Amino acid sequence: MNIKKSLILAGVSLVMAFGAIDAASASPWTNHHPRRVEVNHRLDRQDMRINREFRHGEIGFQRARMLHRDDHMIRHEERVEARFHHGHITRAEHRALNQQENGVSHRIGR
């Protein structure tokens, strides 16, 4: 009888856990918030620019690696800020991320 109760309790716990995960992922702010979309789209374009300039020999391996690292740090910062604000970033954070992206953008192709 105890084993049956344990199995039922474990099953109910799993169902509740998956329900909580599903509810958390259903947030209206996840990845589709306009400020997040704009920042991530710009990071993707910069990534393509870095790769293109490396392929064409306009920048070296070390410079491309450094620029990719800087873009990665900006993307990480965006994700951390979005997690802190339940899936969106504030206007001030958006401005700060854009300024950081401007700095990386100006260093691409020099």
Side-chain angles (χ1 to χ4, degrees):
M1 202 66 151
N2 284 336
I3 294 174
K4 268 187 167 180
K5 287 182 182 179
S6 298
L7 289 174
I8 291 172
L9 183 60
V12 169
S13 298
L14 284 174
V15 168
M16 290 176 66
F18 284 120
I21 290 170
D22 189 37
S25 65
S27 170
W29 297 107
T30 57
N31 291 339
H32 303 295
H33 189 269
R35 288 188 286 261
R36 286 191 74 189
V37 169
E38 192 264 326
V39 167
N40 288 321
H41 183 65
R42 186 167 177 200
L43 285 168
D44 290 339
R45 284 190 316 241
Q46 284 186 179
D47 185 53
M48 287 188 304
R49 285 178 54 208
I50 295 166
N51 289 334
R52 182 180 60 233
E53 296 204 3
F54 175 67
R55 277 194 317 268
H56 291 177
E58 296 173 19
I59 60 175
F61 175 76
Q62 292 295 335
R63 184 180 196 101
R65 193 168 119 194
M66 182 184 65
L67 292 168
H68 279 300
R69 187 196 68 218
D70 292 345
D71 267 356
H72 178 74
M73 289 172 41
I74 295 169
R75 188 177 303 272
H76 178 73
E77 183 178 343
E78 180 269 334
R79 287 179 180 162
V80 168
E81 290 170 349
R83 194 175 308 131
F84 184 71
H85 294 289
H86 305 291
H88 74 283
I89 57 176
T90 65
R91 284 185 181 150
E93 292 166 344
H94 183 242
R95 278 189 221 110
L97 291 169
N98 271 333
Q99 287 176 348
Q100 292 173 23
E101 288 176 336
N102 288 341
V104 173
S105 181
H106 291 302
R107 290 193 323 250
I108 299 172
R110 278 187 164 183

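Numbers here simply count residues along the sequence, with the first being 1. From a predicted model like this one, the values you see are computed outputs, not experimental measurements.
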Exercise for the section: Can you see which heavy atom on His88 is nearest to which on His85, and at what distance? Expected result: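 Between these two residues, the closest heavy atoms are ND1-O, 2.8 Å.
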Problem - Test salt bridge (charged side-chain N to carboxylate O under 4.0 Å, His left out) applied to Arg36 and Glu93, Glu81, Glu78, the passing residue - result: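 Single salt bridge (charged side-chain N to carboxylate O under 4.0 Å, His left out) partner of Arg36 among Glu93, Glu81, Glu78: Glu78.
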Atom [atom1] of [X] and atom [atom2] of [Y]: how far apart are they, to the nearest 0.5 Å?
X	Y	atom1	atom2	answer
Ile74	Glu101	CD1	CD	5.5 Å
Leu67	Gln62	CG	CD	11.5 Å
His33	Arg35	NE2	CZ	4.0 Å
Leu97	Thr90	CG	OG1	8.5 Å
His72	Asp47	NE2	CG	11.5 Å
Met48	Asn51	CE	CG	9.0 Å

Exercise for the section: Answer yes if the side chains of Arg42 and Ser105 hold a donor-acceptor pair under 3.5 Å, and no otherwise. Expected result: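 No - no donor-acceptor pair under 3.5 Å links their side chains.
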Practice task
Output, in order, the C-alpha distance, side-chain angles, deciding distance and verdict of side chain to side chain contact (heavy atoms under 4.5 Å, CB included) for Val80 and His76.
Solution key: CA-CA 6 Å; Val80 168; His76 178 73; 3.6 Å; yes
Handout entry: Neighbour count above 12 (heavy atom, 6.0 Å) for Arg65 CZ
Key =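 Counting neighbours around CZ of Arg65, 12 or fewer heavy atoms of other residues, nucleotides or ligands fall under 6.0 Å, so no.
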Practice task
For Arg45 and His41, run side chain to side chain contact (heavy atoms under 4.5 Å, CB included): C-alpha distance rounded to whole Å, both residues' side-chain angles, the deciding distance at 0.1 Å, then the answer.
Solution key: CA-CA 6 Å; Arg45 284 190 316 241; His41 183 65; 2.9 Å; yes
Handout entry: Cluster link Val104 to Met66, ILVMFWY, side chain under 4.5 Å
Key =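 As far as the 4.5 Å side-chain criterion goes, Met66 and Val104 are not connected within one cluster.
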Practice task
Among Asn98, Ile89, Leu43, find the residue that satisfies the side chain to side chain contact (heavy atoms under 4.5 Å, CB included) test when tested with Glu38.
Solution key: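 The side chain to side chain contact (heavy atoms under 4.5 Å, CB included) with Glu38 is passed solely by Asn98 among Asn98, Ile89, Leu43.
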Problem - N-O pairing of Arg75 and Asp44 below 4.0 Å - result: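 Result for this pair is yes, salt bridge flagged.
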